[in-house]
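Since the structure comes first, as C-alpha cells, the remarks are kept for the end.
Below, read A as the first sequence line, B as the second, and so on, with proteins coming before strands; counting in each chain starts at 1.
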Amino acid sequence: MTQLTLYNTRTRAKAPFTPLDASNVRAYLCGPTVYDRAHLGNARNVVIFDILIRLLRRLYPRVTYVRNITDIDDKINNRAKERGVSIEQVTEGPIRWYHEDMGALFTLPPDIEPRATDHLAEIIEIIERLIQNGHAYVAEGHVLFSVASDKEYGKFSGRTPDELIAGARVDIAPYKRDAGDFVLWKPSTPDLPGWPSPWGRGRPGWHIECSAMSWKHLGQDFDIHGGGDDLIFPHHENEIAQSCCAFPGSHFANVWVHNRMLLVNGEKMSKSLGNFLVLHDVLAKAPGEAVRFLLMRSHYRSTLDFSDAALIEARKELDRFYRALETHSGIEAAAEIPASVLEPLCDDLNTPGAIAALHALADAALAGDASAAAGLKAAGAVMGLFNLSPAQWFAGDVPAEVRALADARIAARKARDFAQSDRLRDEIAALGYTVEDGPNQTYKLRKS
RNA sequence: GGUCCGGUGGCAGAGUGGUGAUGCAGCGGACUGCAAAUCCGUGUAUGUGGGUUCGAUUCCCGCCCGGACCUCCA
C-alpha cells in the first residue's frame, strides 16, 4: 500500500500519515456558517477535502467524515432580526443551497453533518469543564477563555501573547483579563436567540461549537482536521485551546490540513472585500465537474487565481479525458488506481501531478489501450472525476431541433451538397453545438 | 509594524543538487469535401545580485515584486 504523506500545519512539515485507529480514520472539516450562498472559496476547501476523504477510503477500511454546520452566529441573528423570522428560517435555505451546490461539484456528503443548535449540551459541558479547570472565567454575563491559563496558546498559529496584544485592532472589552481572551458564551438580549445555561440565557461564542461537535462525533483525539488557512488564527488556535484544556492529556486533531485561499484577479476572495464569487453563479456558466477540476488544477497549499479563461481550460482538459473514455465506451474502472496517479496523490495531495498522469493514461487510451482507459476511470473515481457518461458530458440532452438539423446535414452530405451541409453546421453552431463527423455518415454533437 | 508563503515558457501549473513534467494557446504536417476530433513534429521559462558546490531552478544570504495572517471570512 502506498503511504500517504500530508503536510501538517501543526508541525509545519510533511510527514507520513499514521491513523490513531487504522480501522476507523476520523476526519473533521470546518463546514459553513449558513446565512448565505456558498462561494467558490468554500468550494475549493470542500473539493480538496473530498479528494482526501476518497483517497483515505481507498487506503483504509473505514473513514468517518464529519463536516459541521454552524447555524448559530451573529450574522444569522442579524438577518433573522432584519426579516423578523426565526434563525431556522434564515438557515434553512442556505443549508439546502449548500447541499445542492456541493452536490453539483460531485463532493461526497459527510458521514455526519452535525449542527451547532443540536449541541448546546456539549458546548455547555465543555465550558463548565474549562471553568472548573481554571481556563475560563465568568465576567459580566460572559464566559471567557483565559489565554494566560494555557501555556500552549499561540503555538499552533505561531504567535506569542505579546504579538496578539500588539496586533489587536479591535477595542478590547473591559471585562477581559487579557486582550487575547475570547468569548465562550455571551448573553443574549430578549430580542436575540438564546439558550438557557448556568450563566443565564445566551449563546455560544464562535469557536466552541467545533470543539463540541468534533468531541461528540469523533472523540477527544482524532486524525485530521481541515479548513481554509484563514482559520488557523484565531479559529483553530482557539479550538485547540478549548479542547485540550477541557480534556487534559488530549491532543485534539493530529494532523491539520489547510488549503490556501482562492484569489480573484490577484486578490483574496472574501466576504469582507465583497469580491467573492458565488458558487451557484459559477455553476451556471460551467459544468460542475469543470469547476471541480479547476479547483484541483493547482496544489491545495498554493494560491489559485480564478479566471474565466482557467475555467474554459479546465473544461477542455476534461474533454480530452472524456474522449479517451468514449473510445472505450462502457469500460469498467480498474480495481487498482494506477500507481502513476496514486503516488502523487499520496504525496500530500499533489493533484497537478496526478492530472499529468491522467493525461498519459488518456494518451494511451486514445491509442487503443483498454487497460489504460480502465485505469483512467479508476483514477478519476478517487479524484471525483468522470461522473458522467461521455455522451452526457459532451452533449447532455440535445434538443430535438438540433438533432433534426444534424440529421438533415448528414443527408446533405450524402447528396454531396456541401454548401447546404455547411449552412446547417452554422445553424447548429448558432444553437450552441459543435457537430463532428464520424465514419459511415455518423455524427457526434457536443456543446460548444 | 510583526509573522508567514511565493516568484518557473504567451497563459496555467508540477517536480528536481546534474542536460526543466503536464495542459491550454501558437506554428508546420497527416487525416477531412471543408471542418471538428485524433495523430506526428515544433519554438519559448526557473525575478535579481551574491554565496556554498565539480555542478543550483533546487540549499544559504541580500534585494525587488506579489500574496496571506495579525479582525468576521474556507
Side-chain angles (χ1 to χ4, degrees), chain A residues 9 12 29-33 35-36 38-49 73-75 154 157-160 162-171 180 206 226-237 258-263 266-274 276 279 293-294 296-305 307 309-321 323-324 326-327 344 347 350-360 362-363 366-367 394 412-413 416-419 421-422 425-426 429 434-439 443-446 448:
Chain A
T9 305
R12 314 270 159 170
L29 178 65
C30 280
T33 301
Y35 61 94
D36 215 340
H39 58 69
L40 198 59
N42 297 306
R44 158 127 106 151
N45 184 225
V46 174
V47 166
I48 291 300
F49 214 72
D73 173 82
D74 281 349
K75 285 185 281 286
S157 57
R159 51 200 93 206
T160 65
D162 292 345
E163 284 170 345
L164 294 173
I165 294 162
R169 284 190 233 157
V170 281
D171 291 337
W206 172 34
D229 72 359
D230 56 343
L231 294 183
I232 294 172
F233 187 88
H235 188 54
H236 290 159
E237 182 76 60
H258 289 100
N259 62 281
R260 269 282 188 80
M261 295 296 96
L262 188 78
L263 304 185
E267 253 199 335
K268 176 191 168 182
M269 185 177 85
S270 75
K271 291 186 175 170
S272 52
L273 291 173
F276 60 93
L279 178 55
F293 188 67
L294 168 69
M296 63 173 82
R297 284 174 81 233
S298 51
H299 186 79
Y300 76 95
R301 283 191 292 108
S302 56
T303 48
L304 188 165
D305 200 349
S307 68
L311 192 54
I312 291 165
E313 225 186 279
R315 199 180 141 191
K316 283 183 182 172
E317 265 187 80
L318 282 173
D319 277 348
R320 185 175 174 79
F321 295 136
R323 235 176 261 287
E326 192 176 36
T327 54
D347 181 13
N350 183 355
T351 48
I355 290 168
L358 249 37
H359 280 291
D363 287 344
L366 282 163
F394 286 115
R413 290 190 70 227
R416 303 194 65 77
D417 182 355
F418 295 120
S421 156
D422 290 349
R425 181 163 60 198
D426 290 343
T434 299
V435 62
E436 294 177 13
D437 294 326
Y443 65 84
K444 282 189 297 199
L445 287 163
R446 62 187 172 88
S448 27

Counting only side-chain heavy atoms from C-beta out, which of [options] sits nearest to [X]?
| X | options | answer |
| --- | --- | --- |
| A/T434 | B/A68, B/A36, B/U38 | B/A36 |
| A/K316 | B/G33, B/C11, B/A25 | B/A25 |
| A/F233 | B/C70, B/G23, B/G67 | B/C70 |
| A/L263 | B/G67, B/G23, B/C72 | B/G67 |
| A/D363 | B/C39, B/U22, B/A68 | B/C39 |
| A/P234 | B/A74, B/A14, B/C72 | B/C72 |

From [atom1] of [X] over to [atom2] of [N], roughly how many Å is that when rounded to an integer?
| X | N | atom1 | atom2 | answer |
| --- | --- | --- | --- | --- |
| A/R446 | B/A35 | CZ | C1' | 11 Å |
| A/F293 | B/C24 | CZ | P | 10 Å |
| A/F321 | B/U22 | CZ | P | 13 Å |
| A/H299 | B/U22 | NE2 | C1' | 16 Å |
| A/E436 | B/U38 | CD | C1' | 10 Å |
| A/R301 | B/C4 | CZ | C1' | 13 Å |
| A/D230 | B/G67 | CG | C1' | 14 Å |
| A/N42 | B/C72 | CG | C1' | 13 Å |

For the [atom1] atoms, the ones on [N] and on [M], what distance do you get once it is rounded to whole angstrom?
| N | M | atom1 | value |
| --- | --- | --- | --- |
| B/G10 | B/G51 | P | 29 Å |
| B/G7 | B/G28 | C1' | 34 Å |
| B/G47 | B/G13 | P | 16 Å |
| B/C24 | B/A37 | P | 11 Å |
| B/U58 | B/G17 | P | 11 Å |
| B/A68 | B/A74 | C1' | 13 Å |
| B/U32 | B/A36 | C1' | 9 Å |
| B/G18 | B/U46 | C1' | 16 Å |

Base, sugar-phosphate, or nothing: which does [X] touch, judged by heavy atoms less than 4.0 Å apart?
| X | answer |
| --- | --- |
| A/R413 | base |
| A/N259 | base |
| A/L262 | base |
| A/N350 | sugar-phosphate |
| A/D437 | base |
| A/H39 | base |
| A/S421 | base |
| A/V435 | base |
| A/I355 | nothing |
| A/E317 | sugar-phosphate |
| A/R260 | base |
| A/R425 | base |
| A/G227 | sugar-phosphate |

Mate of [N] where both pairing distances stay under 3.5 Å, Watson-Crick or G-U:
| N | answer |
| --- | --- |
| B/C59 | B/G51 |
| B/G1 | B/C70 |
| B/G15 | none |
| B/G26 | B/U42 |

Where [X] and [Y] come nearest, the two heavy atoms and their spacing:
| X | Y | value |
| --- | --- | --- |
| A/F233 | A/S157 | CD1-OG, 3.4 Å |
| A/S298 | A/T351 | O-OG1, 3.7 Å |
| A/R44 | A/N259 | CG-ND2, 3.8 Å |
| A/N45 | A/G227 | ND2-C, 3.5 Å |

Answer yes when [X] and [Y] have at least one side-chain N-carboxylate O distance shorter than 4.0 Å, and no when they do not.
| X | Y | answer |
| --- | --- | --- |
| A/D319 | A/K316 | no |
| A/R446 | A/E326 | no |
| A/R413 | A/D437 | yes |
| A/R297 | A/E317 | yes |

Under 4.0 Å between a side-chain N or O of [X] and OP1 or OP2 of [N]?
| X | N | result |
| --- | --- | --- |
| A/N45 | B/A74 | no |
| A/S302 | B/A14 | yes |
| A/R320 | B/C39 | yes |

Along RNA chain B (nearest heavy atom to each residue), the more 5'-positioned of A/P352 and A/R12
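Looking at the nearest nucleotide for each, A/R12 comes out on the 5' side.
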
On RNA chain B, compare the nucleotides closest to A/H359 and A/C30; which residue's is nearer the 5' end?
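Checking each residue's closest nucleotide, the 5'-ward one belongs to A/H359.
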
Rounded distance [0.5 Å steps], OH in A/Y443 versus OG1 in A/T434
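Interatomic distance, A/Y443 OH to A/T434 OG1, rounded to 0.5 Å: 14.0 Å.
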
